[in-house]
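Data block below; observations after.
Computation of the quantities below employed the complete heavy-atom set of this structure, encompassing side-chain atoms and omitting hydrogens, waters and symmetry-equivalent molecules.
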Amino acid sequence: MKELPHLREFRITESLQYFANFSCHQTKFNELLADMFGGLLELEVVNIDSASRIIDSTLCVLLSQCKNLRELDLYECICITNAGFESLPDKSRITSLHLISACINDEGIEQICRSCPNLRKVSFAGCRDVTDISILHLCTHCPNLESLCVSDPETVYNKSNITDGGLANLFKNYHSLRSLILYNSLNVLNLRVDLLARSSITLVGLDVSGCKSITDDTLRIIAVCCTNLQSVDVSNCVRLRGGGVNLLVTTCKKLHTLKVFKCRFLEDLNFEAFDRKETPFDRYIRGRKKASKPSERPPTNRLVNATNVGTSLQSYKTKTIHKSNEESHAGRSTARENFLNALTCSSIPSPRVHSKLRVLDMGMCSRINDRCLRQIATFCPDLRELCIMGCYKVKDLGISYVARGCQQLKALDISTSTTKQMRLTDQSLMSIATHCKSLRQLGIMKNGLMTRDGFRHFFDRCPMPITVFLTSKCNEIRKSDILSMDMSVNTPKMVKSQYFYSCRAGHHLGVLLYNSDVDILEDMPGYPLRHYHNAKVL
């Protein structure tokens, strides 16, 4: 490393860290790193994925020697304490600091804030001793803060000690906050949405998953105030019913990622209010009004007494309004019937103005049904990733809606959870293979009603390349079982399969299909959804 004195970025991946664990002792490893940092005086970015063996003395050398340091990311730094930041120079240039699972407290955060007034991105997820006092130090010394993460689901200690008082100070002092992650903040009993509105102009990312105090009313206020939101995570917020989610989707025009994982009471999805003037129903009604005859006019009688004029006109207006309301209601019912009948076509016509959602995670939302999927298929046609794992009320009709309405899907998960079996059959596989020509990853784990013939039909007609994750019962699914070798149906395929094991999902099979003339990497793409992130290759 001393031969590269102008090196600006230094990264240690997790695999390299494992190699270091076996190759040298912790003391020797830290001496080696300290010697490296002493010669890399122009370092600007340091990222260490697994910093569990780095101690305070090594961090002191890094902070004292590398004066140009701008980004410091230390994950799983369980040996780092307040002493590691004693050599931090005054007015440091650090703008991004991630200390995951560090053993620092409010005093250490105060020292960091005083020395790094230009901080813009801060994360102290997994730090057990950080409280609301650290939030106060950030508000006092770091006026340019844009992103804050107080807890993370990937850390061992994934809870937050931040309370309502800390959030109140945060929202009062920061008007340019762009990202806020409050995962599993059980001490937050009131999100103080009235104060959150002050940061609404720039807030683009919000993660309040696991906060039990989040309700539909909370989401409604967030949707009205924070119209620039692009990513929202309200997973495991069990008090949500759907009204807040509806307003969030229809109001936040820039929203592209929405996660409502394990919101098991979520059911009332209705996006028709997204733009009432542009829905297919209203277009039908406008055309019907143009073709209709002009309404009747009140009869003119010059001999009507002056005392009865007001009474006659009022009676006529009342009858006319009542009649027009009945015609409007009847016309709207007819429009809905015609629109539902149109769903039998190859694609679902979406309104000109619709949601820009790209990623939607509704896994384990057990009350989601076909009607909800019809709303998604109509008003979210640009979806790229959709997870409805464990939504056991969804049937083949709902999957057909999604396949025809969201034809740009790249990842879809319709797997069954461990609680209740889904009722999807081979018809769902046929709909997906027919309409989803951009699909690259599909999860169909533990769907007991899907047969081997359905799998053959899907594999013969599915787009390529594609990775399919399905449950393996012993060894009955092999390469010869997957392909029917019907060359007239599709081009020749090549197959690569791997067995995986997950403590939750059990044994399952990953199948990669691709054309013989397409370049494919040797490693299969990992499962994209959260439920199988820790799967092991057998």
Side-chain angles (χ1 to χ4, degrees), residues 153 182-186 188 191 193 205-224 226 229-252 255-274 354-380 383-395 397-399 401-402 405-406 409 411-424 443 529-531:
L182 299 171
Y183 173 80
N184 207 14
S185 298
L186 302 180
V188 177
L191 192 57
V193 290
L206 180 64
D207 184 350
V208 290
S209 55
C211 298
K212 307 301 180 182
S213 62
I214 301 298
T215 63
D216 286 320
D217 293 336
T218 307
L219 280 188
R220 288 188 183 99
I221 299 178
I222 292 175
V224 173
C226 309
L229 279 172
Q230 299 179 10
S231 176
V232 176
D233 191 346
V234 289
S235 301
N236 205 21
C237 295
V238 295
R239 300 176 65 182
L240 295 179
R241 297 295 185 272
V245 175
N246 295 336
L247 189 61
L248 189 71
V249 173
T250 57
T251 303
C252 300
L255 188 67
H256 63 73
T257 300
L258 177 61
K259 298 182 180 181
V260 290
F261 187 80
K262 276 190 176 181
C263 295
R264 55 180 179 271
F265 297 110
L266 185 68
E267 57 179 343
D268 299 327
L269 294 185
N270 186 355
F271 302 148
E272 291 182 8
F274 191 88
H354 50 73
S355 173
K356 302 298 182 182
L357 267 179
R358 296 295 190 272
V359 179
L360 180 58
D361 185 356
M362 298 191 303
M364 305 299 292
C365 296
S366 55
R367 296 193 178 186
I368 295 296
N369 52 25
D370 293 344
R371 184 185 63 81
C372 298
L373 292 188
R374 187 177 67 194
Q375 292 289 317
I376 295 172
T378 305
F379 293 94
C380 305
L383 273 180
R384 300 297 191 271
E385 298 181 19
L386 175 64
C387 172
I388 52 175
M389 176 188 64
C391 301
Y392 57 83
K393 289 188 177 182
V394 172
K395 300 180 181 178
L397 180 61
I399 301 300
Y401 289 150
V402 171
C406 307
L409 275 176
L412 176 64
D413 187 3
I414 55 175
S415 302
T416 295
S417 65
T418 57
T419 56
K420 195 170 183 178
Q421 181 76 22
M422 294 185 70
R423 293 172 288 180
L424 301 179
L529 303 174
R530 72 171 75 193
H531 197 57

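Annotation for M364 and C391: closest pair N-SG, 4.5 Å, computed over non-hydrogen atoms. Closest non-hydrogen pair, G210 versus C237, comes out as N-SG, 4.1 Å. Nearest heavy-atom pair across T416 and Q421 is CG2-CA, 3.6 Å. Looking at every heavy atom in both residues, D216 comes nearest to G244 through OD1-N, 3.2 Å. Of all the heavy atoms in L269 and C372, the pair that sits closest is CD1-CB, 3.9 Å. Nearest heavy atom pair, residue D413 against residue G443, reads OD1-O, 3.3 Å.
Evaluated for a side-chain contact (heavy atoms from CB on, under 4.5 Å) with L258, the options D233, L357, D361, L229 yield exactly one hit, L357.
Considering NZ of K262 and OG of S366, their distance stands at 11.5 Å, rounded to 0.5 Å. Here the straight-line distance linking atom OG of S235 with atom CG of N184 works out to 11.5 Å at 0.5 Å rounding. Between Y392 atom OH and S417 atom OG the span is 8.5 Å, to the nearest 0.5 Å. Going from atom CG of N270 over to atom CG of L247 covers 12.0 Å, rounded to the nearest 0.5 Å. Between the CG atom of L219 and the OG1 atom of T251 there is a distance of 11.0 Å, given to the nearest 0.5 Å. One finds the CG atom of N246 at 10.0 Å from the CD atom of E272 (value rounded to the nearest 0.5 Å).
Judged by distance alone, with hydrogens and angles left aside, the side-chain atoms of R371 form a donor-acceptor pair with the main-chain N or O of E267 at under 3.5 Å. Of the possible donor and acceptor atoms, one in the side chain of S213 sits under 3.5 Å from a partner among the backbone N and O of V188. Not one N or O on the side chain of N236 forms a donor-acceptor pair closer than 3.5 Å with the backbone of S209. Panel note: side chain R241, backbone R239; a donor-acceptor pair is recorded below 3.5 Å.
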Worked check of side chain to side chain contact (heavy atoms under 4.5 Å, CB included) between V402 and L409: CA-CA 9 Å; V402 171; L409 275 176; 3.7 Å; yes
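Side-chain contact between I399 and I388: present, with at least one pair of heavy atoms (C-beta onward) separated by less than 4.5 Å. Two residues are said to be in side-chain contact when any heavy atoms from C-beta on lie closer than 4.5 Å; I376 and F271 meet this criterion. Q375 is not listed as a side-chain neighbour of Y401, based on a closest heavy-atom distance of 4.5 Å or more. By the 4.5 Å heavy-atom criterion applied to side chains, V260 and C365 are counted as neighbours. Under the 4.5 Å side-chain criterion, counting only non-hydrogen atoms from C-beta, S415 is in contact with M389.
Checked against side chain to side chain contact (heavy atoms under 4.5 Å, CB included), T218 has the following partners two or more places apart in sequence or in another chain: L191, V193, I214, T215, I222. Legend: residues meeting salt bridge (Lys or Arg N to Asp or Glu O under 4.0 Å) with D217, ordered by chain and number and at least two apart, are R220.
By the 6.0 Å contact criterion, NZ on K212 is enclosed, its count of non-hydrogen atoms from other residues, nucleotides or ligands being greater than 12.
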